[in-house]
Amino acid sequence: MNELRRLPVWHSVRIGLIGGVIMLYICLVGMVEVFGRSDIIERVISLGQVLLLLTGLGAGYLAARRAGEPTNALTVLISGVVAGGLTGGLLTGLVVIGSVVNLRAVFINASPALYNALTLGAGPNGAWIPLVGGAALGLVAALFCLLPRRVRQSIVNGLVGVLLAGLFSGLLRVILAARPGWSAELGRFLFASEGLTLAGALLFFILAGGLALLWSQSQATVRERITRLPEAQRKTLRWAMLGLAVILILIFPQISGAFIAQVIVLVGIFALMGLGLNITLGMAGLFDLGFVAFFAISAYTVGLLTSTGEHGIAQWSWWAAAPVGVLLAMIAGAFFGLPVLGIRGDYLAIATLGFGEIVRLLVGSDFLRPWLGGSFGILAIPKPWIGNLELAGPQQIYYLAVFGAVLVAFVAVRLRDSRLGRAWMAIREDEDVAEALGINLVQTKLLAYMLGGAFAGLGGAIFAALVGSIFPHSMNLLVSVNVVALLIVGGMGSIPGVIVGAFALIGLPELFREFDEYRYLLYGIALIAMMLAKPEGLWPSAAIRRELHTDETDETETNPGSSSTVPAS
Amino acid sequence: MAILEVENVHTYYGHIHALKGLSLTVEQGEIVTLIGANGAGKTTTLNTISGLLRPREGRIRLRGEDLTTIPPHEIVARGVVQVPEGRRVFARLTVQENLEMGAYVQKDSRRVREGIERVFTLFPRLKERRQQLAGTLSGGEQQMLAMGRALMAQPKVLLLDEPSMGLAPVLVDSIFATIKRLNDDGATILLVEQNARMALQIAHRGYVLQTGEVVLSDTGENLRQNEMVRKAYLGIQ
Ligand SMILES: Nc1ncnc2c1ncn2[C@@H]1O[C@H](COP(=O)(O)OP(=O)(O)OP(=O)(O)O)[C@@H](O)[C@H]1O
Ligand SMILES: [Mg+2]
């Protein structure tokens, strides 16, 4: 075995096998079929096929890269072919075995239709096709590896452009159709009834690839020119950029249409909850798996106080009810913090889990139905008004959500840099030492729970305004899990990370609603991949970033705002 | 009057009777050391003084004021500050941030800056490394940081729990030299040590602890000559 490991092909074999297993997985859970229904380029390639192609290409590319520098082009090509061939080879194995043994008893998706799809319609006789196809993909990937970097980048960008345009072709078409100067002909030229037309794909490829190429060529000179500007002008430039960003944010819902605006509002609501949990968990290190409780308490409060339906008790305006909801969520934070003050770590997660469930069961209970509506929820929650302008739909509530998120993010930043923020951090790092340094554990922890609860409460209040009716089943554990996950993905303790995480975990899945049945599967895969590849999160907090790059400590220290290592959202 | 008085203190962990009527005093400007084998109750004593543990019986007084009913963060604010066992620095924060954290009870930012400068004159090594993450410091530097962090709270009485634990002999010497120097500058110190030889050299007085009880107390000099101490703690036949 050890002898084997020293052979250069070992890596290719390993990567090929991993790729093959991923392929098998994609096939056997039925993704090929489901994703096969949505075309990226009409009648040319479907999303399911893209997945398989990407796996083959990926395996070939990784293996070829591994073979990389010290060896020659031939080794690179061979590595790619071996890895790609193995990846496809496992599918060949699947087809061969599947045509002899009936696998459907175990894998319901191992159907003749799948085998046909894998062999391009040839059936069991074409079992060799995935093998050869995989090897060909590996070869292509290896060749790609040998291209100069710039060319590689533009090709990748072009392909990503086509993929995104194809995936979101429906949305794009609707958005573009609303633009003045857009003609139906142009629409038909670019978009098919499903996915892109071939011509459209080509255009998007050239557009995305070309733009990337242009940018990569001019980027350095632009940067340099900016740094050569006098300080005053650079300042104006920064302000101008900021102003532009603000204007873009303000007119965004008008450009994007109602659906995307609704997605953004959801992102905003989850960002609010994320910012709340970022205080309790991210800053103070107190685990909380029942975070949805605060959201629910505020949403129900706002619902009860404003509803014009049968459960409404006051028919207040949203503006009067929302502060009450936030306040109650805050009090709930304290109420709930008190009994769990002495609990640490893993036990805390379990205890808080219980709290969230209690609230959900209470609002859904028959016992409280006369007041809270039981499983029928609270209906007829009116929309907020600003003056005599009604925030009627997502395109208007958008402003509420964005404003709320910005406000709370600002408060969160101020809190982080305050004395209280430091006390939270001390507790997170070492509770005993924090106490020995004179930090009042009870008070500090309670404040973390209360402020976290208040932030989530604002999210709940906006949620009530958005949907107009609230039900117990919207208050389930999954919400809490989502909030924890978005913190992890964004980067624990990082305020921008919360926003990025909310976009990645709430925004993106909303856009893929059509693949709903695979939503949580993909979600899980994404989380695992994240933990393996970038455990610190997409936008880690300064402390974590420093820890990972201790050699660069001085640089990041003198320039804490530097975001050079950070991807844009 | 003694600055710190511990009088007939009984501390329990559940029903484990860890301190059995322990009494000791520390006078202003003294170094008092507490020596004893593993599990004798040294850490328990310090934790009881700093309020992290509550005695079931007995009194602890700081300049006559009873501390046993005061929460730990207020005990710190009154000037009793503990350096916990095992160099527990905030690993993910820089040296500077650790020190700032130590001044948590100090609200005046000018005093905080002065405090940091004072710590840096005491431990020049820390000054060079002020932006380094505490977790990447060497063991000796971490101990310096833990002590410096406690000094930031401007203690009237400093409780040190085994500052020399796990350090190379050269570093042990320098840590003890620093303790001596702090004391020369006027600090009152209650020092828990397994390294009885060194501790008794710099201490004015010492207490020998066995299973939660004081079995012997005398001046540092006398304890060093004491037959029992020499056998059990100094390893001299
Ligand atoms: N959290 C705890 N729960 C139960 N028993 C404890 C706990 N902490 C300490 N003890 C017990 O109390 C006694 C005194 O412990 P303590 O930590 O004070 O000893 P020590 O003198 O500091 O020892 P060392 O030199 O090893 O640090 C020991 O018997 C120990 O087992
Ligand atoms: Mg101890």
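Residue numbers begin at 1 in each chain, while the letters A, B, ... track the order of the sequences.
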Participant: Check whether B:Leu93 gets within reach of chain A through its side chain, its backbone, both or neither, counting any heavy atom under 4.5 Å.
Facilitator: both

Participant: Inspect the contact between B:Glu114 and B:Arg110 and indicate whether a charged nitrogen and a carboxylate oxygen are less than 4.0 angstrom apart.
Facilitator: yes

Participant: Quick check on B:Glu100 against chain A: is it the side chain, the backbone, both or neither that has a heavy atom closer than 4.5 Å?
Facilitator: both

Participant: Scan side-chain atoms only and decide if B:Asn47 and B:Gln82 contain a donor-acceptor pair under the 3.5 Å cut-off.
Facilitator: yes

Participant: Does the distance from a Lys or Arg side-chain N to an Asp or Glu carboxylate O, for A:Lys534 and A:Glu536, drop under 4.0 Å?
Facilitator: yes

Participant: Decide side-chain hydrogen bond (donor to acceptor under 3.5 Å, both in side chains) for B:Thr48 and B:Thr11; before the verdict, give the C-alpha distance in whole Å, the side-chain angles of both, and the deciding distance to 0.1 Å.
Facilitator: CA-CA 7 Å; B:Thr48 308; B:Thr11 303; 3.2 Å; yes

Participant: Check whether B:Pro84 gets within reach of chain A through its side chain, its backbone, both or neither, counting any heavy atom under 4.5 Å.
Facilitator: side chain

